[in-house]
Amino acid sequence: MTTQEQAPSDTSGDGRDDADRYDPLAVEARWQQRWAETDLYRTPDQMPGRDNWYHLTMLPYTSGDLHIGHWFAMAPSDTIARFRRMNGANVLFPMGFDAFGLPAENAAIARGTHPKDWTDGNIERMRGQLKRMGAMFDWEREVNTSAPDYYRWTQWWFLKLYEQGLAYRDGAAVNWCPQCATVLANEQVEDGRCERCGDLVGQRTMEQWFFRITAYADELLANEEMEWPDHVKLMQRNWIGRSEGSEASFALEQPTSDGTDEIRVFTTRPDTLHGVTFMVLAPEHRLVAELTTEEHREEVEAYVQASLRASELERQSTDRDKTGVFTGSYCVNRLTGERVPIWIADYVLATYGTGAVMGVPAHDDRDFEFAELFGLPIPVVIAPEDWDGEPLTQAYLEPGVLVNSGQFDGTPSDEAKGAITEHLDANGWGGPKVQYRLRDWLISRQRYWGAPIPIVYCNSCGTVPVPDDQLPIELPYDVEFRPTGQSPLALSEEFVHTPCPECDEPARRETDTMDTFMCSSWYFMRYADPQDADFAIDREIADMWLPVDQYTGGSEHATMHLLYARFFYKAARDAGLVPDDEPFTRYFAQGQILGPDGRRMSKSRGNVVPPDDQVERWGADAFRAYLIFLGPWDQGGPYDVDGIVGVARWLRRAWSLVAGEVDASAAADAANALAPLQEAHRTLERVTADLDRFQMNTAVAALMELTNSLARLRDEGPVHEESWNGALRLFALMLAPICPHFAEELWERLGQPYSVHQQAWPAVDASLTARETVELVVQVNGRLRDRLQVAPDADEAEVRALADASERVAAALGGKEPQRVIYVPGRLINLVAG
RNA sequence: GCCGAAGUGGCGGAACGGGUAGACGCGACGGUCUCAAACACCGUUGGGGUUCACGCCCCGUGUGGGUUCGAGUCCCACCUUCGGCACCA
């Protein structure tokens with residue numbers, strides 16, 4: 001894309017001199033340089049007379065180029081930050097780079113380069129692109145999560161969590177992405193596929209590090225008070241998925257060789273316990289081998305093997321027929337004394353509850369399907385309302401009265417839940433239990449480009465945390481980082497071998513690296529104190545800035561980043577490191593910008609609009625204003641490459657108001673002298689309210705209306721000089737948060753002192769917004785018949801008299817007398833005639 | 001399947017707790033400037049009817065009902081689209 005040729009001469013057609021045309025690229029370059037030279041956006045930790053306000057937008061992943069989604073997330077966020085600054089706050093609005101992670105490694109492998117080189121190059125380029133945005137980022141506070149002086153503290157946070165018992169190592173069946181050759185957290189699997197590469201995810205049993213996020217499940221669930229969008233809070237609540245129920249123990253007929261003599265299950269329907277006709281274990285359940293009898297061994301082993309081989313997608317498909325095999329063993333329902341056959345089936349999840357479920361086919365869809373398939377009995381224990389004793393044709397899930405349930409017969413099911421749970425408790429067979437859908441956060445990654453986990457394994461001392469003063473554990477540069485299924489760091493003899501920090505004997509380092517979501521769980525803390533060599537964040541500085549007052553970013557992070565960061569903050573709070581309970585007091589989720597065809601932008605669809613092209617062609621200010629003008633920010637929508645011309649035309653017209661010739665004098669028509677200033681103040685009232693509510697699209701529309709009215713006043717004749725200039729100054733101030741370069745240029749041309757961005761947001765002058773008359777609608781039977789010009793405070797009698805005098809109203813009434821009159825001052829009068 | 005959000009001109013969208021539907025902009029059409037053009041400028045633009053004309057009338061916010069003097073806005077039922085979860089016992 002090349003710079004467009006300038007029109008050679010007067011093209012405006014109205015005879016105005018336009019040798020001085022708006023040249024966005026020149027204007028923007030000039031002011032960006034001046035802002036940098038004068039440190040305009042440097043944010044001190046404290047500023048006399050101003051309260052601190054922490055405004056944060058999500059940092060970009062260092063994928064290579066800024067795309068239009070970044071602009072849509074960041075430019076409007078900058079507008080809000082600037083508005084807040086003009087309203088008197090000392091605003092921290094930082095920017096940085098989320099730089100560790102799989103994509104960098106995958107890209108480096110594909111291009112035959114090194115992840116660090118690739119990432120550093122991307123940061124260079126992206127920083128330049130971000131600066132072109134003209135945002136008020138304080139670049140002195142930039143963070144790069146892959147820099148040793150950052151990930152040193154990421155490692156330190158790991159040790160803090162370890163100290164608090166929130167980091168632990170466990171062997172478990174975990175999600176495995178074959179393409180990325182690493183394990184993934186639960187949150188990073190979408191529809192059974194890897195969130196990053198889309199490959200089918202399988203299962204593997206490995207020793208891994210976890211963060212005990214479930215320890216905070218109830219606190220994370222209690223998010224009602226947060227000023228976040230309801231749908232995001234709801235997503236988090238659903239993700240955490242709290243279920244209240246009971247745990248029940250079933251006695252094994254034959255204890256296993258390790259002395260286990262029971263199987264425990266979690267159920268939300270303890271009222272149906274008398275209807276259990278089978279028990280199902282997940283194929284991964286630890287008792288499967290023990291419980292399998294010789295007769296069934298071959299079949300069971302084949303089933304388990306097949307289950308382990310199956311991808312998550314296959315396992316989780318709900319429209320697939322149920323499968324399962326009998327182990328040959330039995331347990332006993334303690335309530336009834338009945339023998340219950342023990343099956344295994346892959347519809348039971350190993351990672352939820354106890355990995356075993358009781359089968360109550362009469363009152364659970366899945367159990368019903370399973371029992372029908374394998375010919376197991378389906379006894380009814382909750383009677384449907386007018387049940388005649390016939391067998392069920394489908395599971396009955398509604399409440400009812402207990403039958404075939406011994407001493408509990410006749411009890412309503414809701415009541416029976418409590419009664420049976422108590423009964424279990426009293427006999428030592430179980431009791432009340434709360435289960436969460438949320439799993440602990442798996443943070444180990446068998447990949448190179450991440451922060452090494454600061455742990456050493458010693459034959460005599462066991463698992464030993466690396467002492468703080470030995471941090472960072474640096475990532476060696478010269479490593480073969482191709483994925484093999486074990487961490488590339490394991491191949492580096494130099495990295496692996498280290499003396500034990502406790503006994504100094506030879507020991508081995510942990511070679512896995514941390515999930516990058518760990519890096520982004522605390523980056524907002526580091527912005528507040530980015531160069532501190534002694535602390536991740538100084539407590540005094542934390543108190544100045546945290547928590548974040550306003551966070552903005554995409555809601556696709558609802559159950560990942562936003563949940564992890566909340567967990568992390570609570571752990572930091574419990575370690576006494578940060579104030580308050582939540583990291584992000586307010587959060588706003590912007591929508592997603594789509595391709596011109598209304599679909600997600602992607603290279604394969606060929607609908608990607610590169611933001612650099614838009615900036616080059618129209619300037620950053622027009623691009624910013626257009627992204628804002630498109631529609632409500634939380635909605636997103638298609639990017640129409642033709643639509644931006646409207647905003648560009650508007651800015652050109654606005655330019656001519658200031659740079660073009662205007663017939664203005666102090667002696668101009670006194671009757672209309674105030675008109676420009678009145679228009680500006682009426683606009684100010686709207687723009688202030690709109691920016692307050694993040695309704696920036698209508699703020700732009702209001703500003704367009706203002707320039708249209710001012711142009712009309714100019715064209716209609718001489719304007720009053722003082723009023724005119726006052727209106728233009730207000731316009732520049734209102735435009736400053738939206739088009740920062742353009743506004744700065746106007747401000748200077750209006751003879752005002754540098755910088756427009758250091759000015760206070762103007763106050764509305766109510767005497768200038770008041771109107772002498774308002775248009776009032778006259779309705780007859782609710783239908784519009786005439787309009788009147790009346791004083792805003794005109795009383796009903798006055799308006800009624802005017803309405804009665806209207807010929808059109810009389811015609812509509814057709815001689816009938818109104819039986820009822822509704823008068824809404826300033827709005828309408830409605831004459832209701834039978 | 002469950003949960004959530006949303007349906008307004010050719011398009012993006014506006015309309016504060018029920019009160020002038022279509023602000024603002026794109027596109028389209030007509031015109032101006034131009035040899036010609038547009039990233040220029042001016043004007044028209046929801047649909048239908050009627051008038052020589054200024055006008056005036058009717059219809060219209062996904063569909064069908066309802067409440068109300070009055071409904072894009074509130075209530076009920078349904079349809080469609082998008083987002084989240086998806087054998088969580």
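Residue numbers begin at 1 in each chain, while the letters A, B, ... track the order of the sequences.
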Engineer: Just the rounded figure in Å: distance from P of B:G22 to CD of A:Glu705.
Structural biologist: 13 Å
Engineer: Between A:Gln590 (side chain) and A:Gln635 (backbone), is there a donor-acceptor pair under 3.5 Å?
Structural biologist: no
Engineer: Round to a whole Å and report the spacing from CD1 of A:Ile628 to C1' of B:G25.
Structural biologist: 15 Å
Engineer: Contact class for A:Trp650 (heavy atom, under 4.0 Å): base, sugar-phosphate, or nothing?
Structural biologist: nothing
Engineer: Remember a base hit wins even if backbone is also touched, and classify A:Val645 as base, sugar-phosphate or nothing at under 4.0 Å, heavy atoms.
Structural biologist: sugar-phosphate
Engineer: With P as the reference atom in both, quote the distance from B:G9 to B:G62 in angstrom, rounded to an integer.
Structural biologist: 8 Å
Engineer: Answer with base, sugar-phosphate or nothing: what part of the nucleic acid does A:Leu234 contact at a heavy-atom distance below 4.0 Å?
Structural biologist: sugar-phosphate
Engineer: NA contact type, A:Ile822, heavy-atom cut-off 4.0 Å: base, sugar-phosphate, or nothing?
Structural biologist: base
Engineer: Please determine whether a side-chain nitrogen of the Lys or Arg among A:Glu244 and A:Lys433 lies less than 4.0 Å from a carboxylate oxygen of the Asp or Glu.
Structural biologist: no
Engineer: Please figure out whether A:Val189 or A:Gly355 has its closest RNA chain B nucleotide nearer the 5' end.
Structural biologist: A:Val189
Engineer: Using ring centroids (six-membered ring only for Trp), state whether A:Phe588 and A:Trp633 fall under 6.0 Å.
Structural biologist: yes
Engineer: As a quick check of understanding, evaluate side-chain hydrogen bond (donor to acceptor under 3.5 Å, both in side chains) for A:Tyr303 and A:Thr323, giving each step before the final call.
Structural biologist: CA-CA 9 Å; A:Tyr303 187 83; A:Thr323 58; 2.6 Å; yes
Engineer: What nucleotide, of B:C85, B:A23, B:U20, holds the atom closest to the side chain of A:Ala701?
Structural biologist: B:A23
Engineer: Out of B:A89, B:C87, B:A86, which nucleotide sits closest to the side chain of A:Thr267?
Structural biologist: B:A89
Engineer: Under 4.0 Å between a Lys/Arg side-chain N and an Asp/Glu carboxylate O for A:Asp346 and A:Arg320?
Structural biologist: yes
Engineer: Polar pairs (N or O, both sides) under 3.5 Å between protein and nucleotides 14-17 of chain B?
Structural biologist:
unit_1	atom_1	unit_2	atom_2	d
B:A14	OP1	A:Asn697	ND2	3.1
B:C16	N4	A:Arg827	NH2	2.5

Engineer: So, does A:Asp621 use its side chain to make a donor-acceptor pair with the main chain of A:Phe742 at under 3.5 Å?
Structural biologist: yes
Engineer: Since syn is defined as within 90° of 0, does B:G9 count as syn or as anti?
Structural biologist: syn
Engineer: With no hydrogens and no angle check, do the side chains of A:Arg653 and A:Thr707 hold a donor and an acceptor under 3.5 Å apart?
Structural biologist: no
Engineer: Taking the six-membered ring for Trp, are A:Tyr639 and A:Phe72 closer than 6.0 Å centroid to centroid?
Structural biologist: no
Engineer: Under 4.0 Å, counting only non-hydrogen atoms across every strand here, what does A:Asn830 touch: a base, just sugar-phosphate, or nothing?
Structural biologist: base
Engineer: Can you find a side chain N or O atom of A:Tyr352 that sits less than 4.0 Å from OP1 or OP2 on B:A89?
Structural biologist: yes
Engineer: Compare every heavy atom of A:Thr769 with every heavy atom of A:Arg682, then report the nearest pair and how far apart it is.
Structural biologist: NE-O, 3.4 Å
Engineer: Can you tell me how far P of B:G12 sits from CG of A:Leu594, to the nearest Å?
Structural biologist: 12 Å
Engineer: Is there a side-chain polar atom (N or O) of A:Arg787 under 4.0 Å from OP1 or OP2 of B:U20?
Structural biologist: no
Engineer: If you measure from the C1' atom in B:C2 to the same atom in B:A86, how many Å do you get, rounded?
Structural biologist: 8 Å
Engineer: Taking the same atom, C1', in B:A28 and in B:A21, what whole-Å distance lies between them?
Structural biologist: 22 Å
Engineer: May I ask you to say what A:Val700 touches in the nucleic acid, namely base, sugar-phosphate or nothing, with a heavy-atom cut-off under 4.0 Å?
Structural biologist: nothing
Engineer: Given that A:Gln779 and A:Lys322 both sit by RNA chain B, which one's nearest nucleotide is further toward the 5' end?
Structural biologist: A:Gln779
Engineer: Is it true that A:Arg617 and A:Asp613 have a side-chain N and a carboxylate O under 4.0 angstrom from each other?
Structural biologist: no
Engineer: Taking 4.0 angstrom as the limit, do A:Glu262 and A:Arg264 come out as a salt bridge?
Structural biologist: yes
Engineer: State the dot-bracket string of RNA chain B. Criteria: Watson-Crick or G-U wobble, both atom distances under 3.5 angstrom; notation: ( ) intrastrand, [ ] crossing earlier pairs, | interstrand, . unpaired.
Structural biologist: (((((((..(((......[....)))((((((.......))))))(((((....)))))..(((((..]....))))))))))))....
Engineer: Does a side-chain N or O of A:Ser555 approach OP1 or OP2 of B:G84 to a distance below 4.0 Å, or not?
Structural biologist: no
Engineer: For the C1' atoms, the ones on B:C85 and on B:C11, what distance do you get once it is rounded to whole angstrom?
Structural biologist: 33 Å
Engineer: Determine the contact category for A:Arg649: base if any of its heavy atoms lies under 4.0 Å from a base atom, sugar-phosphate if only primed atoms, P, OP1 or OP2 are that close, otherwise nothing.
Structural biologist: sugar-phosphate
Engineer: Can you tell me if A:Arg237 touches the phosphate of B:G84, counting only side-chain N or O atoms and a distance under 4.0 Å to OP1 or OP2?
Structural biologist: no
Engineer: Find the distance A:Leu788:CG to B:G19:P and express it as a whole number of Å.
Structural biologist: 20 Å
Engineer: Centre of A:Trp655's six-membered ring, under 6.0 Å away, within 45 degrees of the axis: is that where NZ or CZ of A:Arg21 sits?
Structural biologist: no
Engineer: Just the rounded figure in Å: distance from C1' of B:C42 to CG of A:Asn708.
Structural biologist: 13 Å
Engineer: When the ring planes of A:Trp71 and A:Phe623 are compared, do they come out parallel, tilted or perpendicular, using 30° and 60° as the limits?
Structural biologist: tilted
Engineer: Measure from CZ on A:Arg652 to P on B:A38 and round the result to the nearest Å.
Structural biologist: 14 Å
Engineer: Describe the nucleic acid contact of A:Gln592 in one word from base, sugar-phosphate, nothing, applying a heavy-atom distance below 4.0 Å.
Structural biologist: nothing
Engineer: A:Gln188 has an atom CD; how far is it from atom P of B:G84, in whole Å?
Structural biologist: 16 Å
Engineer: Look at the side chain of A:Leu349 and decide which nucleotide, out of B:C69, B:C3, B:A89, has an atom nearest to it.
Structural biologist: B:A89
Engineer: If you only use heavy atoms from C-beta on, which nucleotide in B:C26, B:A86, B:U20 is closest to the side chain of A:Val777?
Structural biologist: B:U20
Engineer: Using the C1' atoms only, state how far B:U63 lies from B:G55, rounded to an integer number of Å.
Structural biologist: 36 Å
Engineer: Among A:Val174, A:Val201, A:Leu442, find the residue that satisfies the side chain to side chain contact (heavy atoms under 4.5 Å, CB included) test when tested with A:Leu184.
Structural biologist: A:Val201
Engineer: Treat primed atoms plus P, OP1 and OP2 as sugar-phosphate and everything else as base, then score nucleotides 53-60 of chain B 5' to 3': B for base contact with protein heavy atoms under 4.0 Å, S for sugar-phosphate contact only, - for none.
Structural biologist: ---SSSS-
Engineer: How far does the C1' atom of B:C35 sit from the matching atom of B:G48, given to the nearest Å?
Structural biologist: 44 Å
Engineer: Under 4.0 Å, heavy atoms only, any strand: does A:Asp367 hit a base, just the sugar-phosphate, or nothing?
Structural biologist: nothing
Engineer: Let me know the distance between CG of A:Asp634 and C1' of B:A6, rounded to the nearest Å.
Structural biologist: 11 Å
Engineer: Which part of the nucleic acid, if any, lies within reach of A:Thr351 when heavy atoms closer than 4.0 Å are counted: base, sugar-phosphate only, or nothing?
Structural biologist: nothing
Engineer: Please determine if A:Arg242 and A:Asp218 form a salt bridge, counting it only when a charged side-chain N lies under 4.0 Å from a carboxylate O.
Structural biologist: yes
Engineer: Using the C1' atom on both, measure B:C59 against B:G22 and round to a whole Å.
Structural biologist: 15 Å
